[in-house]
> 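Pasting a structure below so you can have a look.
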Amino acid sequence: MGRSPCCEKAHTNKGAWTKEEDERLIAHIRVHGEGCWRSLPKADGLLRCGKSCRLRWINYLRPDLKRGNFSRDEEDLIIKLHSLLGNKWSLIAARLPGRTDNEIKNYWNTHIRRKLLSRGLDPAKHRPLATAVKEAGRRAREPSRPDLNLELCISPPYQEEQKKPAELGENMLGEKEGKCGGEFLRLGGGGLLDCRSLEGS
DNA sequence: AAGCTTCCCAACCGCAAGTAA
DNA sequence: CTTACTTGCGGTTGGGAAGCT
(Lines give C-alpha, C1' and ligand atoms only; values in the text may rest on other atoms or scores of the structure.)
Protein backbone atom coordinates (compact mmCIF):
# COMPACT_ATOMS: atom_id res chain seq x y z
CA MET A 1 0.00 0.00 0.00
CA GLY A 2 1.25 3.43 -0.79
CA ARG A 3 1.48 5.91 1.96
CA SER A 4 1.79 9.63 1.89
CA PRO A 5 1.90 12.36 4.49
CA CYS A 6 -1.63 13.30 5.42
CA CYS A 7 -0.96 16.98 4.96
CA GLU A 8 1.67 19.63 4.41
CA LYS A 9 2.83 19.94 7.96
CA ALA A 10 4.51 23.27 7.40
CA HIS A 11 1.18 24.93 6.70
CA THR A 12 -1.01 23.41 9.38
CA ASN A 13 -1.77 24.25 12.97
CA LYS A 14 -1.27 21.66 15.67
CA GLY A 15 -2.34 21.30 19.25
CA ALA A 16 -5.51 22.46 20.90
CA TRP A 17 -8.32 23.74 18.72
CA THR A 18 -9.52 27.32 19.11
CA LYS A 19 -13.16 28.28 19.38
CA GLU A 20 -13.00 29.88 15.98
CA GLU A 21 -11.62 26.74 14.40
CA ASP A 22 -14.36 24.70 16.02
CA GLU A 23 -17.02 27.06 14.73
CA ARG A 24 -15.62 26.93 11.23
CA LEU A 25 -15.54 23.18 11.26
CA ILE A 26 -19.09 22.90 12.61
CA ALA A 27 -20.37 25.40 10.06
CA HIS A 28 -18.71 23.53 7.24
CA ILE A 29 -20.13 20.17 8.29
CA ARG A 30 -23.60 21.67 8.75
CA VAL A 31 -23.54 22.79 5.13
CA HIS A 32 -21.63 19.97 3.45
CA GLY A 33 -22.01 17.07 5.82
CA GLU A 34 -19.29 14.70 6.99
CA GLY A 35 -16.71 13.26 4.66
CA CYS A 36 -14.09 14.57 2.25
CA TRP A 37 -11.89 15.36 5.21
CA ARG A 38 -8.89 15.90 3.03
CA SER A 39 -10.47 18.72 1.08
CA LEU A 40 -12.36 20.20 4.02
CA PRO A 41 -9.62 22.39 5.47
CA LYS A 42 -8.77 23.85 2.09
CA ALA A 43 -12.41 24.48 1.28
CA ASP A 44 -12.97 26.23 4.56
CA GLY A 45 -9.65 27.97 5.06
CA LEU A 46 -8.77 25.92 8.13
CA LEU A 47 -5.08 25.48 8.78
CA ARG A 48 -5.58 21.90 9.92
CA CYS A 49 -5.05 18.60 8.20
CA GLY A 50 -8.10 16.57 7.30
CA LYS A 51 -7.22 13.92 9.81
CA SER A 52 -7.21 16.48 12.57
CA CYS A 53 -10.60 17.86 11.45
CA ARG A 54 -12.13 14.41 11.39
CA LEU A 55 -10.81 13.60 14.84
CA ARG A 56 -12.00 16.88 16.30
CA TRP A 57 -15.47 16.38 14.89
CA ILE A 58 -15.81 12.74 15.90
CA ASN A 59 -14.34 13.06 19.36
CA TYR A 60 -15.56 16.43 20.45
CA LEU A 61 -17.90 18.41 18.23
CA ARG A 62 -20.47 15.87 17.10
CA PRO A 63 -23.84 16.95 18.50
CA ASP A 64 -24.86 13.45 19.55
CA LEU A 65 -21.99 13.01 21.96
CA LYS A 66 -22.95 12.22 25.52
CA ARG A 67 -19.88 13.42 27.40
CA GLY A 68 -19.65 13.33 31.15
CA ASN A 69 -18.95 10.38 33.39
CA PHE A 70 -19.59 6.83 32.32
CA SER A 71 -22.49 5.17 34.09
CA ARG A 72 -22.03 1.89 35.86
CA ASP A 73 -23.97 0.17 33.10
CA GLU A 74 -21.73 1.65 30.46
CA GLU A 75 -18.67 0.56 32.38
CA ASP A 76 -20.08 -2.92 32.77
CA LEU A 77 -20.85 -3.09 29.08
CA ILE A 78 -17.38 -1.91 28.14
CA ILE A 79 -15.82 -4.65 30.24
CA LYS A 80 -18.03 -7.28 28.66
CA LEU A 81 -17.42 -6.04 25.16
CA HIS A 82 -13.70 -5.82 25.79
CA SER A 83 -13.62 -9.40 27.01
CA LEU A 84 -15.14 -10.39 23.68
CA LEU A 85 -13.58 -7.96 21.27
CA GLY A 86 -10.29 -6.98 22.85
CA ASN A 87 -8.92 -3.54 22.01
CA LYS A 88 -11.36 -3.00 19.17
CA TRP A 89 -12.37 0.38 20.50
CA SER A 90 -14.31 1.39 17.43
CA LEU A 91 -16.42 -1.76 17.64
CA ILE A 92 -17.02 -1.19 21.31
CA ALA A 93 -17.91 2.45 20.67
CA ALA A 94 -20.37 1.39 17.99
CA ARG A 95 -22.36 -0.31 20.71
CA LEU A 96 -22.29 2.63 23.09
CA PRO A 97 -24.25 5.48 21.50
CA GLY A 98 -22.88 8.91 22.27
CA ARG A 99 -19.44 7.58 23.17
CA THR A 100 -16.36 7.68 20.98
CA ASP A 101 -13.65 5.10 20.59
CA ASN A 102 -11.14 7.58 21.95
CA GLU A 103 -13.24 8.28 25.01
CA ILE A 104 -13.72 4.60 25.72
CA LYS A 105 -10.05 3.87 25.18
CA ASN A 106 -9.11 6.64 27.60
CA TYR A 107 -11.61 5.46 30.15
CA TRP A 108 -10.37 1.92 29.86
CA ASN A 109 -6.74 2.89 30.29
CA THR A 110 -7.31 5.28 33.18
CA HIS A 111 -10.07 3.58 35.16
CA ILE A 112 -11.06 0.07 34.21
CA ARG A 113 -7.59 -1.29 33.49
CA ARG A 114 -6.37 -0.11 36.84
CA LYS A 115 -9.35 -1.60 38.64
CA LEU A 116 -8.77 -4.97 37.02
CA LEU A 117 -5.06 -4.92 37.81
CA SER A 118 -5.64 -3.98 41.42
CA ARG A 119 -7.87 -7.05 41.67
CA GLY A 120 -5.14 -9.21 40.23
CA LEU A 121 -6.93 -9.61 36.91
CA ASP A 122 -5.26 -9.42 33.55
CA PRO A 123 -7.03 -6.59 31.69
CA ALA A 124 -6.20 -8.17 28.35
CA LYS A 125 -7.61 -11.61 29.12
CA HIS A 126 -10.06 -10.87 31.92
CA ARG A 127 -8.62 -13.70 33.96
CA PRO A 128 -6.55 -13.85 37.14
CA LEU A 129 -3.01 -12.77 36.34
CA ALA A 130 -1.44 -16.12 37.37
CA THR A 131 -3.83 -18.01 35.08
CA ALA A 132 -3.19 -15.62 32.24
CA VAL A 133 0.55 -16.16 32.51
CA LYS A 134 0.13 -19.95 32.57
CA GLU A 135 -2.15 -19.82 29.57
CA ALA A 136 0.29 -17.69 27.64
CA GLY A 137 2.92 -20.33 28.14
CA ARG A 138 0.56 -23.11 27.10
CA ARG A 139 -0.59 -21.24 24.01
CA ALA A 140 2.98 -20.68 22.94
CA ARG A 141 3.35 -24.44 22.67
CA GLU A 142 0.06 -24.97 20.88
CA PRO A 143 -0.49 -24.42 17.17
CA SER A 144 -2.17 -21.10 16.61
CA ARG A 145 -5.90 -21.09 16.10
CA PRO A 146 -8.20 -18.42 14.80
CA ASP A 147 -10.14 -16.25 17.23
CA LEU A 148 -13.82 -16.90 17.69
CA ASN A 149 -15.97 -15.33 15.06
CA LEU A 150 -17.53 -12.76 17.32
CA GLU A 151 -19.74 -11.36 14.62
CA LEU A 152 -21.75 -14.53 14.94
CA CYS A 153 -22.75 -13.88 18.47
CA ILE A 154 -22.94 -10.13 18.73
CA SER A 155 -25.83 -8.20 17.30
CA PRO A 156 -25.18 -5.39 14.83
CA PRO A 157 -23.88 -2.14 16.27
CA TYR A 158 -26.13 0.71 17.14
CA GLN A 159 -26.99 2.85 14.18
CA GLU A 160 -28.41 6.33 13.95
CA GLU A 161 -31.24 5.14 11.69
CA GLN A 162 -32.52 2.92 14.44
CA LYS A 163 -35.05 4.33 16.87
CA LYS A 164 -33.32 6.61 19.26
CA PRO A 165 -33.12 5.27 22.81
CA ALA A 166 -34.25 8.59 24.21
CA GLU A 167 -37.43 8.39 22.17
CA LEU A 168 -38.11 4.88 23.33
CA GLY A 169 -37.10 5.34 26.94
CA GLU A 170 -34.70 2.49 26.34
CA ASN A 171 -31.03 2.19 25.68
CA MET A 172 -29.57 0.87 22.45
CA LEU A 173 -29.81 -2.63 23.69
CA GLY A 174 -33.55 -2.49 23.49
CA GLU A 175 -33.70 -2.71 27.23
CA LYS A 176 -35.01 -0.33 29.79
CA GLU A 177 -32.34 1.96 31.15
CA GLY A 178 -30.43 0.51 34.03
CA LYS A 179 -29.67 -2.94 32.70
CA CYS A 180 -26.48 -4.15 31.15
CA GLY A 181 -26.27 -5.71 27.75
CA GLY A 182 -26.07 -9.34 28.68
CA GLU A 183 -28.93 -10.49 26.50
CA PHE A 184 -27.86 -8.19 23.70
CA LEU A 185 -24.46 -9.78 23.73
CA ARG A 186 -25.85 -13.25 24.15
CA LEU A 187 -23.75 -13.46 27.26
CA GLY A 188 -26.43 -14.67 29.54
CA GLY A 189 -24.42 -13.98 32.65
CA GLY A 190 -21.92 -16.66 31.77
CA GLY A 191 -19.41 -15.86 34.42
CA LEU A 192 -17.93 -12.82 32.78
CA LEU A 193 -16.69 -9.89 34.73
CA ASP A 194 -19.09 -7.51 36.31
CA CYS A 195 -17.78 -4.07 37.17
CA ARG A 196 -19.73 -4.25 40.41
CA SER A 197 -17.47 -7.05 41.53
CA LEU A 198 -14.60 -4.60 41.29
CA GLU A 199 -16.08 -2.10 43.65
CA GLY A 200 -14.16 -1.24 46.75
CA SER A 201 -10.82 -2.19 45.35
C1' DA B 1 1.71 30.10 48.70
C1' DA B 2 4.87 27.40 46.08
C1' DG B 3 6.63 23.41 44.21
C1' DC B 4 5.98 18.73 43.04
C1' DT B 5 3.41 14.67 41.57
C1' DT B 6 -0.36 12.30 39.62
C1' DC B 7 -4.32 12.03 36.79
C1' DC B 8 -6.93 12.65 32.77
C1' DC B 9 -8.13 13.59 28.15
C1' DA B 10 -7.57 15.89 23.65
C1' DA B 11 -4.77 15.35 20.00
C1' DC B 12 -0.98 13.38 17.39
C1' DC B 13 1.43 9.62 14.92
C1' DG B 14 2.06 5.64 12.18
C1' DC B 15 0.05 1.88 10.08
C1' DA B 16 -3.48 -0.82 7.56
C1' DA B 17 -7.37 -1.10 4.70
C1' DG B 18 -10.18 0.55 1.06
C1' DT B 19 -10.60 2.45 -3.43
C1' DA B 20 -10.09 5.30 -7.54
C1' DA B 21 -7.20 6.03 -11.47
C1' DC C 1 -2.49 -5.57 -11.69
C1' DT C 2 -0.14 -1.61 -9.73
C1' DT C 3 0.18 2.76 -7.79
C1' DA C 4 -1.34 6.77 -5.40
C1' DC C 5 -4.30 8.65 -2.34
C1' DT C 6 -7.87 8.88 1.48
C1' DT C 7 -9.97 7.30 5.52
C1' DG C 8 -10.17 4.95 9.85
C1' DC C 9 -8.09 2.71 13.75
C1' DG C 10 -5.25 1.85 17.84
C1' DG C 11 -1.24 3.22 20.54
C1' DT C 12 0.96 6.91 22.61
C1' DT C 13 1.99 11.47 24.36
C1' DG C 14 1.79 16.44 25.95
C1' DG C 15 0.06 19.53 28.85
C1' DG C 16 -3.46 21.42 31.85
C1' DA C 17 -6.04 20.46 36.14
C1' DA C 18 -6.30 18.65 40.54
C1' DG C 19 -4.37 16.93 44.60
C1' DC C 20 -0.67 16.55 47.86
C1' DT C 21 3.36 17.97 50.68
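Note on naming: letters A, B, ... go to the chains in the order of the sequence lines (proteins, then strands), and numbering restarts at 1 for each one. From a predicted model like this one, the values you see are computed outputs, not experimental measurements.
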> Could you check whether A:E21 and A:N13, counting side-chain N and O atoms only, form a donor-acceptor pair closer than 3.5 Å?
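There is such a pair between these side chains.
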> Given the rule in the side chain to side chain contact (heavy atoms under 4.5 Å, CB included) test, do A:E20 and A:W17 qualify, once you have shown the distances and angles that lead to the verdict?
CA-CA 8 Å; A:E20 194 199 334; A:W17 279 64; over 6 Å; no
> Would you tell me if any nitrogen or oxygen in the side chain of A:R38 comes within less than 4.0 Å of OP1 or OP2 on C:dT7?
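No.
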> CH2 of A:W108 versus P of B:dC8: gap in Å, rounded?
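Result: 16 Å.
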> Under 30°, 30 to 60°, or over 60°: which ring-plane class applies to A:W108 and A:H82, parallel, tilted or perpendicular?
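Parallel: the ring planes of A:W108 and A:H82 meet at under 30°.
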> Expressed as a whole number of angstroms, how long is the span from A:R54:CZ to C:dC5:P?
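Computing the A:R54:CZ to C:dC5:P distance gives 20 Å.
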> Could you give the CD1-to-P distance, from A:I92 to C:dG8, as a whole number of Å?
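Computing the A:I92:CD1 to C:dG8:P distance gives 19 Å.
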> Among B:dA10, C:dC9, C:dG11, which nucleotide has an atom closest to any side-chain atom of A:N87?
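Looking only at heavy atoms from C-beta outward on A:N87, the closest nucleotide is C:dG11.
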> Is the charged tip of A:R62 near the ring of A:W57: under 6.0 Å from the six-membered ring centre and within 45° of its axis?
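Verdict for A:W57: no cation-pi partner in A:R62.
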> Round to the nearest Å and state the distance from A:N13 atom CG to B:dA11 atom P.
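It is 12 Å, rounded to the nearest whole Å.
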> Once you round it to whole Å, what is the distance between C1' of B:dA10 and CZ of A:R48?
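Nearest whole value for this atom pair: 11 Å.
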> Taking CG from A:L25 and C1' from B:dA10, how many angstroms apart are they, rounded to a whole number?
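That distance rounds to 15 Å.
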> Has the side chain of A:N109 got a donor or acceptor atom that lies under 3.5 Å from a matching backbone atom of A:K105?
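Yes, A:N109 side chain to A:K105 backbone: donor-acceptor pair under 3.5 Å.
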> Generate the contact string for nucleotides 12-19 of chain C. Rules: B means base contact, S means sugar-phosphate contact only, - means no protein heavy atom under 4.0 Å.
B-------
> Closest approach to the side chain of A:C36, judged atom by atom: which nucleotide of C:dT7, B:dC8, C:dG10 is it?
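Of C:dT7, B:dC8, C:dG10, C:dT7 is nearest to the side chain of A:C36.
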> Please determine whether a side-chain nitrogen or oxygen atom of A:W37 lies at a distance below 4.0 Å from atom OP1 or OP2 of C:dG8.
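So the side-chain polar atoms of A:W37 do come within 4.0 Å of the phosphate oxygens OP1 or OP2 of C:dG8, strictly under.
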> Please check if any side-chain donor atom of A:Y107 sits under 3.5 Å from a side-chain acceptor atom of A:E75, or the reverse.
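Looking only at side-chain atoms, A:E75 and A:Y107 do form a donor-acceptor pair, the distance falling under 3.5 Å.
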> Tell me whether the side-chain N/O atoms of A:R114 come closer than 4.0 Å to OP1 or OP2 in B:dC8.
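A:R114 to B:dC8 OP1/OP2: side-chain N or O found under 4.0 Å.
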> Rounding to an integer number of Å, can you tell me how far A:W17 CH2 sits from B:dA11 C1'?
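Computing the A:W17:CH2 to B:dA11:C1' distance gives 11 Å.
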> Is there a donor-acceptor pair closer than 3.5 Å between any side-chain N or O of A:R95 and the backbone N or O of A:L91?
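Side chain of A:R95 to backbone of A:L91, a donor-acceptor pair under 3.5 Å: yes, one is there.
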> Counting side-chain heavy atoms from C-beta on, which of B:dC9, C:dG10, B:dA11 comes nearest to A:A16?
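In terms of side-chain proximity for A:A16, the closest of B:dC9, C:dG10, B:dA11 is B:dA11.
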> Could you give the CD-to-P distance, from A:E103 to C:dG10, as a whole number of Å?
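Taking CD of A:E103 and P of C:dG10, I get 15 Å after rounding.
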